[in-house]
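The block underneath contains the structure these notes are about, expressed in C-alpha cells.
Each chain gets a letter, A, B and so on, in the order its sequence line appears, and its residues count up from 1.
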Number of protein chains: 2
Amino acid sequence: MARPSRAVISRAPTLDDVARAAGLSSMTVSRALNTPDQVRPETVKRVLAAVKATGYIPNALAGGLASRRSKLVAVLVPHINDPLFADTLQAMGETLSQRGYQMLLCSAGYTPQTETELVSTLMSRRPDGIVLTGIHHANDLKKIIFNASVPVVETWDITPTPIDMLVGFSHEKAGQATAEYLLGKGYRRPGLVWTTERTAAQRKNGLYEGLARHGITDVPCVESQLPARFADGRAGAAQLLETTESDVIICGSDTLAQGAISELQARGLRVPQDVAVMGFGDLDFAAANVPSITTIALDRRAIGARAATLLANRIEGRSDGEQIIDIGFHLTERESA
Amino acid sequence: MARPSRAVISRAPTLDDVARAAGLSSMTVSRALNTPDQVRPETVKRVLAAVKATGYIPNALAGGLASRRSKLVAVLVPHINDPLFADTLQAMGETLSQRGYQMLLCSAGYTPQTETELVSTLMSRRPDGIVLTGIHHANDLKKIIFNASVPVVETWDITPTPIDMLVGFSHEKAGQATAEYLLGKGYRRPGLVWTTERTAAQRKNGLYEGLARHGITDVPCVESQLPARFADGRAGAAQLLETTESDVIICGSDTLAQGAISELQARGLRVPQDVAVMGFGDLDFAAANVPSITTIALDRRAIGARAATLLANRIEGRSDGEQIIDIGFHLTERESA
DNA sequence: TTGTAAGCGTTATCAA
DNA sequence: TTGATAACGCTTACAA
C-alpha cells in the first residue's frame with residue numbers, strides 16, 4: 001500500500017535527500033561538504049542551506065566504508081581510572097578531536113592476553129590508527145596490526161624496536177636516576193612500595209641496578225594492587241616499618257607516596273628527617289603536599305598530544321621527523337626526599 | 001589484465017573470501033558468525049576454520065551500515081581526567097564491553113555549547129546509544145537526539161523530566177544533607193571551597209538553603225577551577241582563613257577537602273577540633289586520609305554500570321523496569337567533620 | 001539449513 | 001564545475 005504523498009519520512013535524511021532539496025546531485029553535495037574548494041561558492045551555499053533545512057547528519061559508517069578511512073582512532077589503556085593515564089587521555093582526546101578524529105577507548109587491563117582480544121574487536125571498526133600503552137604485546141596482536149597495516153603508536157615506554165611509532169621514556173633510566181639521587185642524598189636503607197604493573201617493574205629493575213652498583217641489595221618491597229591507591233601507600237609503609245628499618249620509602253607512584261607519607265606522619269615520624277619518601281609521576285598534588293613530594297616528573301599530557309599528532313600526520317601522509325619520541329623525565333627534588 | 005591466480009590479495013579478507021575458502025555462500029558465513037544457532041554445527045566449524053585460515057576480521061562499518069546497528073555507544077563527560085568520573089567511565093566501559101558494545105569517548109568541557117557540537121559529530125557514527133553527563137543540555141542537542149530517536153541516558157544528576165533514561169542522584173538533597181549534618185554537629189560558621197561546575201552549583205544551592213533555614217546566611221565561598229586539584233583546596237582554605245573565621249570548611253570535592261585539610265595542618269590547626277572539613281565524592285583516599293574525610297559517598301561505578309545496562313537493554317528491546325534510577329548518596333561520617 | 005538478490009549511504013572514478 | 005555509475009562489505013528479506 002502506497003503511503004500518502006506527504007508522508008513523514010521516518011529514516012534519517014541522506015545525501016540524496018539533501019541533493020533533492022538543493023536540486024543537485026548527491027555527489028556534488030558530498031563534495032560541497034568534504035572538499036568545498038572543488039565546488040562553486042554559490043553551490044556550496046545552496047548545499048549548506050539544504051543541509052540545515054533537512055537536518056542532515058552524515059553517515060560516517062557509509063562514508064568510512066566507501067572511503068576506507070574511518071576517522072577513528074582506537075586507544076587502549078590498562079585502566080581508564082588510573083590517574084597516571086588520565087591526563088594523557090584527556091590531551092590525546094583533545095588533539096585527536098582537533099584533527100578530526102574520534103577516540104574509541106578501551107581499558108585492556110594489564111595483561112597482553114586481554115589486549116589482543118580487544119585489539120581484534122577494535123580492528124573491526126577499521127580504525128585509521130591505534131594507540132597502545134606499553135611496549136610488551138602478544139605476538140598475535142602484532143600480527144593483526146601488521147596484516148591490517150594500520151599505523152600504531154606505543155606509549156608510556158621506550159624501545160629501539162617499536163611496532164611502528166612511539167612516544168615514551170625509559171623506565172629503567174628513571175629507576176636508575178632515582179637510585180643515584182637517593183644515594184647521593186645519603187640514604188642507604190631503602191624500602192619499596194610498588195605496583196605489579198609492567199613498566200613499574202622496569203623502573204624497579206633500574207632502581208635495583210643502581211642500588212646494587214653501590215652495594216645495596218636485599219631491598220624489601222611491598223607490592224600492591226592496581227590502580228595504586230592512597231590506602232595502599234599507607235598499608236605498604238606500615239608493613240615496611242614493621243619488618244625493616246628503612247631510611248627512605250621509594251614508591252611506585254605519587255599516590256602511594258602520599259599514602260606512605262600520611263602513614264609515617266600518623267606514627268609521629270618526620271618526613272624526610274626520620275624517613276624520606278620518593279614518588280613517581282608528579283601528579284597534581286605532589287607539589288602542594290605537606291611535605292611536597294620528591295618525584296619523577298613526566299609531561300603526561302605531552303605523551304597524549306604527541307601520540308595523537310604522530311598518528312594524524314602519518315594517516316594524512318605527512319610523517320616527517322622522528323617516529324620515536326623520548327619525552328624524557330625529570331627528577332624533581334622537593335621536600336620529601 | 002587478469003592477475004596471476006596465486007596473486008597476493010593485499011586488501012583485508014572479506015566475508016566473500018571466507019565463503020570461498022569454506023565453499024559456502026557469504027550469507028551462511030555471516031550467519032555462522034552472528035547467529036550460529038541457525039547454522040548446522042558442522043558448517044559452523046568449517047566457517048571458523050576458514051576464518052582462521054584467512055585471518056578474517058569483520059568490517060563493522062559495513063555491518064553497521066547494513067544492519068543499522070553500530071554497536072557503538074557515544075559517551076560524553078566534562079573531563080576524562082576528573083577523578084569523580086573516572087570510576088564511572090571504567091565501570092561503564094566494562095559493562096558495555098561485556099554486552100558487546102564499544103565506547104566512543106569525548107570530553108565535552110563544561111559548556112552546553114561545545115556539547116551540542118560534539119553530539120552532532122558523534123551522531124554521524126550512528127551510535128546505538130548515548131550517555132550524557134548532567135541534565136542541562138542545549139535545546140539543539142535535544143532536537144538532534146530526538147530526531148535520531150536514539151536512546152539516551154543522562155547521568156550524575158536527577159530530574160523528573162529526563163530526555164529519556166537517567167541514572168543519578170539529587171545534588172540539592174546532597175547539599176541539604178550536608179547542611180543538616182554540619183548544623184547538627186554544632187558548626188555555625190561555614191566557609192566554602194567550591195568549583196564552578198553545574199552540579200556543584202546545585203549542591204551549593206541545597207547547602208545554602210539548608211543553612212538559611214537555620215538563619216545562616218552570607219556564607220563565604222572561594223571558587224576554583226576544574227577539575228579541582230589538591231592545590232586548589234589548599235589555596236581555597238588559605239584564602240578563607242584570611243578573610244573569615246570559619247569553624248568548618250565545606251568542599252566541593254574530596255580532592256579539595258584533602259588540600260584544605262593539608263593547609264589547616266600546615267598552619268598548626270587541628271582538624272576537626274579547630275576547623276572541620278567536609279568533602280564530596282568519597283574518593284579512594286577519603287577513608288584513609290589523616291584525619292579521614294567526612295564526605296558524601298556515591299556509588300560512582302554503579303552510575304556507569306547501570307547506565308550501560310539501561311542502554312543495552314533498551315537497544316536490545318527489553319527495557320523492563322524503571323528508567324529513572326536514583327542511586328542516592330550516603331553522608332559518611334568520619335573524622336574530619 | 002542454505003542461497004540469491006537487493007539494498008544500506010557514502011565516495012572513487014570517469015565522463016560531460 | 002557537475003553528474004552518472006560502480007563499488008565498499010555487510011545484512012535483510014525472501015526463495016529454495
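Atoms CZ (A:R31) and P (C:dC14) sit 13 Å apart, rounded to a whole Å. Protein atom CG of A:L33 is 14 Å distant from nucleotide atom P of D:dT2, rounded to whole Å. Taking atom CZ of B:R40 as the reference point, atom C1' of C:dT2 lies 9 Å away to the nearest angstrom. A straight line from CE of B:M123 to C1' of C:dG9 spans 15 Å, rounded to a whole angstrom. Between the P atom of C:dT4 and the CE atom of B:M27 lies a distance of 12 Å, rounded to the nearest Å. Put simply, CD on A:Q38 is 12 Å from P on C:dT13, counting in whole angstrom units.
Within the model, atoms CG of B:L61 and CZ of A:R126 stand 8.0 Å from one another, a figure rounded to the nearest 0.5 Å.
A:Q98 and A:E94 form no side-chain donor-acceptor contact under 3.5 Å, judged by distance and modelled atom types alone.
Residue A:T28 places none of its side-chain N or O atoms closer than 4.0 Å to OP1 or OP2 of D:dT1.
Between B:H136 and B:E115, the closest heavy-atom pair is O-OE1, 4.2 Å. Nearest heavy-atom pair, A:A308 versus A:M92, reported as atom, atom and distance to 0.1 Å: CB-O, 4.0 Å.
Under 4.0 Å is where a charged nitrogen must lie from a carboxylate oxygen, and between A:D164 and A:R314 at least one such pair does. For the pair A:D17 and A:R11, the salt-bridge criterion is met [side-chain N within less than 4.0 Å of a carboxylate O].
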Which atoms of nucleotides 7-10 of chain D (N or O only) lie under 3.5 Å from a protein N or O atom, and what are those distances?
| residue | atom | partner | partner atom | Å |
| --- | --- | --- | --- | --- |
| D:dC8 | O3' | A:R68 | NH2 | 3.3 |
| D:dC8 | O2 | A:A66 | N | 3.4 |
| D:dG9 | OP1 | A:R68 | NH2 | 3.0 |
| D:dG9 | N2 | B:A62 | O | 3.4 |
| D:dC10 | OP1 | B:Y56 | OH | 2.5 |
| D:dC10 | OP1 | B:N59 | N | 3.4 |
| D:dC10 | OP2 | B:L15 | N | 2.5 |

